[in-house]
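Below is one structure; the comments refer to it alone.
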Amino acid sequence: MIDPKLLRGSAEEVAGNLARRGFDFDAGRYLEIEERRKALQVETEQLQGKRNASARQIGQAKARGEDIEPLLEAVRTTGERLDAAEAELTEVRSALRDIELGLPNLLADDVPDGAGEDDNVELRRIGEPRDFGFEPRDHVELGTALGLLDFDAAAGMSGSRFAVMRGDLARLQRALVQFMLDVHTREHGYEEAYVPYLVHAEALIGTGQLPKFEDDQFKTTDETPFYLIPTAEVPLTNLARDVIFDAGELPVLYTAHTPCFRSEAGSYGQDTRGMIRQHQFEKVELVHLVTADASAAALETLTSHAETILERLGLPYRVVSLCGGDIGFGANKTYDLEVWLPGQARYREISSCSNYGDFQARRLKARVRNPDTGKPEPIHTLNGSGVAAGRALIAVMENYQRADGRIAIPEVLKPWMGGAEFIGPSD
RNA sequence: GGAGAGAUGGCUGAGUGGUCGAAAGCGCUCCCCUGCUAAGGGAGUAUACGUUAAUAGCGUAUCGAGGGUUCGAAUCCCUCUCUCUCCGCCA
């Protein structure tokens, strides 16, 4: 949520910033409703004050044993006027809230201009795509040939966009998760958390997935439905809900491994082959809760933590700064890490690291006490994948494949693979 | 799933219709006193919104959430959520 004070005071500037995303914010209409709200609120509060004063008088008169009937008569109309004003105020407030919840975050100044994916700016490339000396296969071919990856079985029970993994391939994904969690908790200072995978709508509103992206979520049919988390960002960031931190408590760094569930509405035909885009996938998530002045630097740190994983795995990748048109709803700035996939001969997103500024914090009422003023102020939140395990698995399969179809095991994963050198039939 | 009890400020805990945003204690902050320490005295100590140059005042709201009764609700009524105890079930 954008600071309402900023919206009121600088609606046109806000509209200008949001236009960089291709988002059309009708500042004039917003200000009109806001004016109405202000007038109604003043009126309502004056009437409440009048009513309170009268009630007090009546109480005192009654205590003195006086006749209160004339006083009651005097208040009679106040109540009706108050009810009417309150009803309209509620309506106007709700309209304002709908607008405010629908507004994406302001973009940081250094976000590149552009309309879509093609306008993203590559910042750096790390590692060289390997020269295989043979035509590299994609993960579907590799996994299926090994008998460890089975889309048909998954389709039989759950339909498309699910996969079954077996044996050493399933184990390799677990190894990736263990490796990532250990690096982040032991070397990067994160606290590991185990969190709910089913959350209420409020939690998703807090992080910005709702109300705008209802269609992307899976949810239950309960009267108050549960939503399956699309990312651990949701439960981890919600840990800060309604919290007022002392300045000394920040930064707080959380990590968690969870499955993620996405309905992938509107992505029909995209990435239908393989495990790139699934309804259910595993991810290790990183979340930072920081003070406002620290968030820009924290984005660099968080991104470097995700990069560490790719570097240790020996996977070639590049870092891209998303342009205004491609950046997510709640983020003010985003770096994507894209890993090289030999099977597709292109870089594909494996981590997205974003600074949300105070956007989520306002929705969550996540605050920090300013040590100078003593007043609570919104914290800043950041999150990034560190990294997506399903896609990391694909990347390892494709980058570590051998001519014989077996898959070498990256050095750092061997402790979790029983010391084996490769996945596949032994000779 | 069944039965019962509860939810009040940073914490403990009073408060069953009227000056209660809320006693008291603890904690915390500042000041005074005291030649260290301990003890003592005083003041302050929620959040949001509005008004405002103001983190000064003033107003409004908030005692789990939402609705209702009333001139007036922490207090009465309804619905919901959560916590605790017991029973059942269960990994």
Side-chain angles (χ1 to χ4, degrees), chain A residues 1-10 30-31 33-101 194-206 220-227 235 238-250 259 291-293 358 361-379:
Chain A
M1 186 177 297
I2 297 175
D3 184 355
K5 289 203 172 103
L6 188 68
L7 272 179
R8 282 172 221 156
S10 318
Y30 175 82
L31 288 177
I33 301 176
E34 169 54 26
E35 278 305 312
R36 183 77 191 125
R37 189 225 95 228
K38 190 180 283 191
L40 277 168
Q41 180 162 342
V42 169
E43 186 187 348
T44 302
E45 290 183 356
Q46 281 173 350
L47 287 169
Q48 282 170 330
K50 197 172 164 190
R51 182 204 59 194
N52 290 348
S54 304
R56 213 170 293 136
Q57 281 179 7
I58 292 171
Q60 288 166 347
K62 215 177 167 186
R64 290 193 298 264
E66 297 169 7
D67 179 20
I68 59 171
E69 196 47 45
L71 289 167
L72 287 179
E73 186 57 39
V75 199
R76 204 141 287 164
T77 52
T78 308
E80 286 160 27
R81 288 167 59 204
L82 181 57
D83 284 347
E86 271 179 341
E88 194 180 348
L89 180 60
T90 303
E91 223 170 276
V92 168
R93 278 210 166 118
S94 154
L96 277 179
R97 182 178 155 83
D98 286 349
I99 294 174
E100 286 166 2
L101 284 181
Y194 174 80
V195 291
Y197 303 160
L198 294 168
V199 297
H200 287 142
E202 244 345 271
L204 285 155
I205 290 172
T220 67
T221 57
D222 299 69
E223 199 178 330
T224 51
F226 288 108
Y227 290 80
N238 269 273
L239 289 173
R241 171 182 296 274
D242 289 328
V243 175
I244 301 179
F245 293 94
D246 287 328
E249 293 177 281
L250 299 179
T291 52
D293 59 322
D358 61 12
R362 283 186 192 285
R363 294 172 167 230
L364 291 165
K365 296 192 177 61
R367 291 167 292 181
V368 58
R369 201 171 290 284
N370 182 317
D372 297 324
T373 63
K375 289 287 163 190
E377 298 167 354
I379 63 169

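These figures come from a predicted structure and were not determined experimentally. Sequence lines set the chain letters: A, B, ... in the order given, protein chains first and strands last, and positions in each chain run from 1.
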Task: Nearest-angstrom distance from the residue atom NZ of A/K50 to C1' of B/A61 - done: 20 Å
Open item on the list: Could you go through A/Y227 and A/H200, starting from their C-alpha distance and side-chain angles, then the distance that decides it, and tell me whether this counts as ring-ring contact (aromatic ring centres under 6.0 Å, His included)?
Closed with: CA-CA 6 Å; A/Y227 290 80; A/H200 287 142; 9.0 Å; no
Task: P atoms of B/C32 and B/C84, separation to the nearest Å - done: 48 Å
Open item on the list: In dot-bracket form, 5' to 3', how is RNA chain B paired? Count Watson-Crick and G-U wobble pairs only if both distances fall under 3.5 Å, and write | where the partner sits on another strand.
Closed with: ((((((((.[[[..)..(.....]]]((((((.......))))))((((((.....)))))).[[[[[..)....]]]]])))))))....
Task: A/M1 versus A/R362, closest heavy-atom pair with distance - done: O-CD, 3.2 Å
Open item on the list: Ignoring hydrogens, what is the shortest heavy-atom contact between A/I244 and A/E249? Give both atom names and the distance.
Closed with: O-OE1, 4.4 Å
Review item, side-chain donor-acceptor pairs of residues 84-91 of chain A, under 3.5 Å, at least two apart:
unit_1 : atom_1 : unit_2 : atom_2 : d
A/E86  : OE2    : A/Q48  : NE2    : 3.2
A/E88  : OE1    : A/R36  : NH2    : 3.0
A/E88  : OE2    : A/R36  : NE     : 3.0
A/E88  : OE2    : A/R36  : NH2    : 2.8
A/T90  : OG1    : A/E86  : O      : 2.9

TODO: For B/G88 and B/U45, measure between their C1' atoms and round to the nearest Å.
DONE: 49 Å
Open item on the list: Between B/A7 and B/A14, how many Å separate the two C1' atoms, rounded to a whole number?
Closed with: 15 Å
TODO: Could you say whether A/R8 or A/H200 is positioned toward the 5' end of RNA chain B, judged by the nucleotide with the nearest heavy atom to each?
DONE: A/R8
Task: Atom-to-atom span, NZ of A/K365 to P of B/A48 - whole angstrom - done: 10 Å
TODO: Could you state the atom-to-atom distance from CZ of A/R93 to C1' of B/A48 in whole Å?
DONE: 10 Å
- [ ] Rounded to the nearest angstrom, tell me the gap between atom CG in A/L71 and atom P in B/G18.
- [x] 18 Å
Task: Between B/U16 and B/A22 - C1' atom distance, rounded Å - done: 15 Å
TODO: Could you tell me whether the phosphate oxygens of B/U51, OP1 or OP2, come under 4.0 Å of any side-chain nitrogen or oxygen in A/K38?
DONE: yes
- [ ] Give the rounded distance in Å between these two atoms: CG of A/L82 and C1' of B/G59.
- [x] 14 Å
Task: Phosphate contact (B/C49 OP1 or OP2) by A/R37 side-chain N/O below 4.0 Å - done: no
Open item on the list: When you measure from the side-chain N and O atoms of A/R51 to the phosphate of B/A61, is any distance below 4.0 Å, counting only OP1 and OP2?
Closed with: yes
Open item on the list: Both A/E377 and A/A55 contact RNA chain B. Which one's nearest nucleotide lies toward the 5' end?
Closed with: A/A55
Open item on the list: B/G72, OP1 or OP2 - any side-chain N/O from A/N52 closer than 4.0 Å?
Closed with: no
- [ ] Quote, to the nearest angstrom, the P distance that separates B/A65 from B/C71.
- [x] 25 Å
Open item on the list: Go through it in stages, so that I can follow the logic: the residues are A/Q41 and A/R37, the test is side chain to side chain donor-acceptor pair (under 3.5 Å), and I'd like the CA-CA distance, side-chain angles, deciding distance and then a yes or no.
Closed with: CA-CA 6 Å; A/Q41 180 162 342; A/R37 189 225 95 228; 3.3 Å; yes
Task: Closest non-hydrogen atom pair, A/A366 against A/A240 - done: CB-O, 3.3 Å
TODO: Could you tell me the separation between the NZ atom of A/K62 and the CD atom of A/Q60, rounded to the nearest 0.5 Å?
DONE: 13.5 Å
Open item on the list: Taking B/C63 as the reference, what is the distance to B/G9 when you measure between their P atoms (whole Å, please)?
Closed with: 10 Å
TODO: Provide the distance between the two P atoms, one in B/A43 and one in B/G35, to the nearest whole Å.
DONE: 24 Å
Task: No-H, no-angle donor-acceptor pair, A/E45 side chain to B/G59 base, under 3.5 Å - done: yes
TODO: Grab the CD-P distance between A/Q41 and B/U60 for me, whole Å please.
DONE: 13 Å
Open item on the list: In this structure, how many angstroms lie between the C1' atom of B/A48 and the CZ atom of A/R97, rounded?
Closed with: 14 Å
TODO: Name the closest nucleotide to the A/K5 side chain, picking from B/C71, B/U19, B/G50.
DONE: B/G50
- [ ] Establish, with yes or no, whether the OP1 or OP2 oxygen of B/U47 is under 4.0 angstrom from a side-chain nitrogen or oxygen of A/R369.
- [x] yes
Task: Greater than 12 external heavy atoms within 6.0 Å of A/R51's CZ - done: yes
Open item on the list: Between A/R76 and A/E73, does any side-chain N to carboxylate O distance fall below 4.0 Å?
Closed with: yes
TODO: May I ask you to verify whether the side chain of A/Q60 and the base of B/U19 hold a donor-acceptor pair under 3.5 Å?
DONE: yes
Open item on the list: Whole angstroms only, please: what is the CZ-P distance between A/R36 and B/G50?
Closed with: 17 Å
Task: Distance between P atoms of B/G67 and B/U51 (Å, rounded) - done: 24 Å
- [ ] Could you check whether A/R76 gets within reach of a base, just the sugar-phosphate, or nothing at all, counting any heavy atom under 4.0 Å?
- [x] nothing
